[in-house]
J.: 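Questions regarding the structure given below will be posed in turn.
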Protein chains: 2
Amino acid sequence: MTYQAAFLALADPTRRQVFEELGRGPRSVGVIAAGMPVSRPAVSQHLGVLKKAGLVSQRAEGTRRVYYIDPKGLAAIRIWLDQFWDEALLAFQAEIEKKDVTE
Amino acid sequence: MTYQAAFLALADPTRRQVFEELGRGPRSVGVIAAGMPVSRPAVSQHLGVLKKAGLVSQRAEGTRRVYYIDPKGLAAIRIWLDQFWDEALLAFQAEIEKKDVTE
DNA sequence: GCTTACTGTTAGTAATGACTTACCAAGCGG
DNA sequence: CCGCTTGGTAAGTCATTACTAACAGTAAGC
């Protein structure tokens, strides 16, 4: 049930932008905030949420805190998606065969 | 960029509960609402969001509207996850080799 | 030791969104 | 034709949350 926090964390556009930025490599808070329209504390808070969701981890370099992707959070989503994919697709195909898709 | 709507739709617990209920098979609005603590209009609104995100589709049976899973939305998330997985894992492993994970 | 750089935290505010109640439309059976 | 069932829509309320500004803490350089 960890995917709950992951979905909630990735729902916000700004927060997902922070996350995707980290996907290109480790970054410090200031560097991330510099490339975004929001203030530094906002980025710090977003990183806190991402960390709680197990999506990122942290490493201290002097006063700098370098953040980077943690596969734990993504793995939670992947597991949920994989297990849901089968039964959902099954139910969907059953419907397709029964009647056409009404848009 | 369609995964944006999908993430936002699946972030809400109630809405994901509706979605997961549909994962077990097609359901009408009333049936879904009967098994949930919220009112029927709330379910209807949630279904509207899920439909806009391409996660569910609809079929009319008289006055009844039967909803069922649409793989389009899930596919959008899967694509994003797969493409993100590689570079994220790569960046993560690079960090692991450099220094230990600080919890 | 003192200043400077970098970050986390708190308080307060504005905006988003989830929910209910009430109302309206459409199909089915008497 | 009329009542019943089923759903979508509108308005309004309440909670959540993303954001900024101000403050506090910690490490590095002189």
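Convention: sequence-line order gives letters A, B, ...; per-chain numbering from 1.
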J.: What one-letter contact string describes nucleotides 20-30 of chain D from 5' to 3', where B marks a base within less than 4.0 Å of any protein heavy atom, S marks contact via sugar-phosphate atoms alone, and - marks no contact?
T.: BBB---BB---
J.: In whole Å, I'd like the distance from the CG atom of L47(B) to the P atom of dT6(D).
T.: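 L47(B) atom CG is separated from dT6(D) atom P by 16 Å.
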J.: Looking only at heavy atoms, what is the nearest atom pair of L50(B) and A9(B), with distance?
T.: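 Residues L50(B) and A9(B), closest heavy atoms: CD2-CB, 4.0 Å.
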J.: Side-chain polar contacts of residues 34-47 of chain A - donor-acceptor pairs under 3.5 angstrom, sequence neighbours left out - could you list them?
T.:
none

J.: Between L55(B) and L22(B), is any pair of side-chain heavy atoms under 4.5 Å apart?
T.: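 No, every pair of side-chain atoms sits at 4.5 Å or beyond.
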J.: Roughly, in whole Å, what's the span from NE2 in H46(B) to C1' in dG7(D)?
T.: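 So the NE2-C1' distance, H46(B) to dG7(D), works out to 16 Å.
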J.: Any residue in residues 28-36 of chain A with a heavy atom nearer than 4.0 angstrom to DNA chain D? Just list them by number, or reply none.
T.: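 None, since no heavy atom is under 4.0 Å.
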J.: Could you pull out all residues at least two apart from R27(A) that satisfy salt bridge (Lys or Arg N to Asp or Glu O under 4.0 Å)?
T.: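 R27(A) satisfies salt bridge (Lys or Arg N to Asp or Glu O under 4.0 Å) with E21(A) once adjacent residues are dropped.
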J.: Can you list every ring pair (Phe, Tyr, Trp, His ring centres under 6.0 Å) pair that touches residues 15-41 of chain A, not counting sequence neighbours?
T.: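 Residue pairs with at least one partner in residues 15-41 of chain A: F19(A)-F84(B).
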J.: Looking at every heavy atom in both A11(B) and A11(A), which two are closest together, and how far apart are they?
T.: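 So the two residues come closest at CB-CB, 3.5 Å.
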J.: How many whole angstroms separate atom CZ of R59(B) from atom P of dT6(D)?
T.: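 Atom-to-atom, R59(B) to dT6(D), this comes out as 17 Å.
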J.: Partners of I79(A) by side-chain contact (heavy atoms from CB on, under 4.5 Å), sequence neighbours excluded?
T.: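 Only Q83(A) meet the side-chain contact (heavy atoms from CB on, under 4.5 Å) criterion with I79(A).
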J.: Can you list every pair that meets salt bridge (charged side-chain N to carboxylate O under 4.0 Å, His left out) and has a residue in residues 7-18 of chain A, with sequence neighbours left out?
T.: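 Non-adjacent pairs meeting salt bridge (charged side-chain N to carboxylate O under 4.0 Å, His left out): R16(A)-E20(A).
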J.: V56(B) versus V18(B): any side-chain heavy-atom pair under 4.5 Å?
T.: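 A side-chain contact under 4.5 Å is absent here.
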J.: Reading DNA chain C in the 5' to 3' direction, which nucleotide is the first one with an atom under 4.0 Å from a heavy atom of chain B, and which is the last?
T.: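 Reading along DNA chain C, I get dA18(C) to dC28(C).
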J.: F7(B): which residues meet the ring pair (Phe, Tyr, Trp, His ring centres under 6.0 Å) condition with it, sequence neighbours left out?
T.: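 If we apply the ring pair (Phe, Tyr, Trp, His ring centres under 6.0 Å) test to F7(B), skipping adjacent residues, the hits are F7(A), W80(B).
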